[in-house]
Peer 1: 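Sharing a structure, written as structure tokens. Questions coming.
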Number of protein chains: 2
Amino acid sequence: MTRAGLNTQRVTEAGADLADEIGFTQITVSELARRLDVKVASLYSHVRNSEDLKVRIALLALEELADRAADAIAGRAGKDALIALANVYRDYARAHPGRYTAAQYRLDPQTAAAGAGPRHARMTRAILRGYDLQEPDRTHAVRLLGSVFHGYTSLEMGGGFDHSAPDSDQSWSRTLDALDALLRHWPRP
Amino acid sequence: MTRAGLNTQRVTEAGADLADEIGFTQITVSELARRLDVKVASLYSHVRNSEDLKVRIALLALEELADRAADAIAGRAGKDALIALANVYRDYARAHPGRYTAAQYRLDPQTAAAGAGPRHARMTRAILRGYDLQEPDRTHAVRLLGSVFHGYTSLEMGGGFDHSAPDSDQSWSRTLDALDALLRHWPRP
DNA sequence: ACATCTACCTAAAGGCTTTAGGCAAAAGGT
DNA sequence: ACCTTTTGCCTAAAGCCTTTAGGTAGATGT
């Protein structure tokens with residue numbers, strides 16, 4: 001009887017793929033075992049428990065997202081960079097809904113700090129180099145951008161903008177126009 | 001042996017309270033039964049199954065939120081109304097994290113349309129009466145506002161803005177200033 | 001060929017979900 | 001008060017998911 005050749009890495013990737021297919025919240029160790037054609041107990045050599053599996057999928061998704069974001073903003077500035085970064089999140093969420101949901105999974109502070117979370121914050125901050133904002137407004141703007149990227153994407157994923165005109169692509173595009181305008185004319189306190 | 005006197009309504013409310021204490025994702029029928037000091041099977045007279053319980057909690061939260069939002073925007077306009085509405089969401093999320101998470105629970109379109117979801121959209125739209133926006137920009141703005149309210153609140157709830165200066169209250173306040181400015185000077189296509 | 005990992009297995013205990021069938025408290029009519 | 005109906009809660013049981021313990025055989029290196 002030949003082996004499947006699993007290790008923690010592969011189990012995590014298979015978990016992420018499975019999440020994209022059936023939804024992150026539906027992930028169970030049993031379901032993943034079925035998918036990998038392996039007995040449930042076998043997975044417990046690669047993953048501490050069900051929670052550990054979810055955390056690993058979350059960290060994987062955060063890292064993949066950060067890599068794509070870094071690619072997207074390299075060599076761009078201002079509105080170009082803003083649009084490129086924003087689209088990374090939205091496109092990733094549409095292509096990999098399970099992974100994207102996983103990226104929102106609540107991690108304890110230590111784990112979060114050790115993962116790719118901080119890279120995301122730095123990249124959003126980097127976008128603002130193209131605009132004339134000083135601290136603390138820069139931080140406020142980072143938080144606003146994060147909120148819009150995540151908020152829009154997650155409402156859209158939840159079907160909130162389906163079945164109503166105008167279509168979501170247009171709102172997205174105009175939302176980015178609006179954010180760009182806002183960053184260029186950020187109000188004084 | 002005297003009865004607990006439960007019905008669907010009370011079970012749902014107890015479920016919502018429990019969600020606020022232990023987190024919406026931790027909700028199980030068993031846990032709720034323990035909380036109510038009742039055997040698990042008994043709850044299945046009041047609730048079809050675990051999913052049904054969660055949906056009911058979600059609908060309850062959406063309704064409570066809509067009621068508070070309606071109170072908040074009554075008799076206000078412009079930036080006042082914007083701030084009041086935004087604070088309803090944020091305050092509710094902080095006071096009732098379990099219910100707030102429940103309000104984000106994905107409902108099937110039929111259930112969603114029958115619940116308080118559409119009321120929320122109408123109220124956000126009502127806020128924009130105080131600003132000079134025509135369709136389709138009005139809809140784009142509704143979506144942007146929803147994204148920011150939900151996005152900011154959910155990142156804040158997830159601890160994303162902890163342990164970094166300036167504190168989240170300030171960013172929130174300045175974010176609302178920025179949104180107000182944006183709505184007053186919405187960019188042309 | 002040998003020892004050593006290591007990937008996978010069987011077995012079993014415990015918890016959550018859900019259905020079926022029953023009993024007794026509450027509610028309502030006469 | 002008495003009887004009937006309703007209904008709120010129960011016990012029992014089956015099925016699936018999680019997790020641990022202990023065992024076996026394929027891969028790896030000497």
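Throughout, a chain's letter reflects where its sequence line sits, starting with A, and its residues are numbered from 1.
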Peer 1: Within the structure shown, what part of the strands sits under 4.0 Å from B:Ser30 by heavy-atom distance: base, sugar-phosphate, or nothing?
Peer 2: base
Peer 1: Check the phosphate of C:dC8 against A:His46, side-chain N and O only, distance under 4.0 Å to OP1 or OP2. Yes or no?
Peer 2: yes
Peer 1: Indicate whether the side chain of A:Tyr105 and that of A:Glu51 have a donor and an acceptor atom separated by less than 3.5 Å.
Peer 2: yes
Peer 1: Could you tell me how far apart A:Tyr44 (OH) and C:dA7 (C1') are, to the nearest whole angstrom?
Peer 2: 17 Å
Peer 1: Would you indicate what B:Ser45 reaches in the nucleic acid, counting non-hydrogen atoms under 4.0 angstrom: base, sugar-phosphate, or nothing?
Peer 2: base
Peer 1: Just checking, is any N or O donor in the side chain of A:Arg106 or B:Thr25 under 3.5 Å from an acceptor N or O on the other one?
Peer 2: no
Peer 1: Write down the distance between CD (A:Glu51) and P (D:dC17), rounded to a whole number of angstrom.
Peer 2: 19 Å
Peer 1: With DNA chain D as reference, determine whether A:Glu31 or A:Arg48 sits nearer its 5' end, using the nearest nucleotide of each.
Peer 2: A:Glu31
Peer 1: Mark yes or no: B:Arg143 above the aromatic ring of A:Phe161, with NZ or CZ under 6.0 Å from the six-membered ring centre and no more than 45 degrees from the axis.
Peer 2: yes
Peer 1: Side chain of B:Ala41 only, please: which of D:dT18, D:dG8, C:dT19 is the nearest?
Peer 2: C:dT19
Peer 1: What is the separation between atom CD on B:Gln9 and atom C1' on D:dG8, rounded to the nearest whole Å?
Peer 2: 17 Å
Peer 1: Using whole Å, what does the distance between atom P of nucleotide D:dT18 and atom CD of A:Gln26 come to?
Peer 2: 12 Å
Peer 1: Between B:Asp169 and B:Arg90, does any side-chain N to carboxylate O distance fall below 4.0 Å?
Peer 2: yes
Peer 1: Distance check needed: D:dC17 P versus A:Leu53 CG, whole Å only.
Peer 2: 14 Å
Peer 1: Of the options D:dC17, C:dT18, D:dC9, whose atoms approach the side-chain atoms of B:Asn49 most closely?
Peer 2: C:dT18
Peer 1: How many whole angstroms separate atom CG of B:Asn7 from atom P of C:dA27?
Peer 2: 12 Å
Peer 1: Side chain of B:Val40 only, heavy atoms from C-beta on: which candidate in C:dT17, D:dT19, D:dC9 is closest?
Peer 2: C:dT17
Peer 1: Separation of A:Ile27 atom CD1 from D:dC16 atom P, in whole Å?
Peer 2: 19 Å
Peer 1: Of the nucleotides D:dT18, D:dC17, C:dC9, which has the atom closest to the A:Lys39 side chain?
Peer 2: C:dC9
Peer 1: Over all strands shown, is B:Arg34 touching base, sugar-phosphate only, or nothing at heavy-atom distances under 4.0 angstrom?
Peer 2: sugar-phosphate
Peer 1: Using a 4.0 Å heavy-atom cut-off, does A:Val38 contact any base of the nucleic acid, only the sugar-phosphate backbone, or nothing at all?
Peer 2: sugar-phosphate
Peer 1: Using 0.5 Å steps for rounding, measure from the OG atom of A:Ser154 to the CD atom of A:Gln104.
Peer 2: 7.0 Å
Peer 1: Classify A:Ser42 by what it touches in the nucleic acid, base, sugar-phosphate, or nothing, heavy-atom distance under 4.0 Å.
Peer 2: base
Peer 1: Please report the distance, rounded to the nearest Å, between CG in A:Leu6 and C1' in D:dA27.
Peer 2: 14 Å
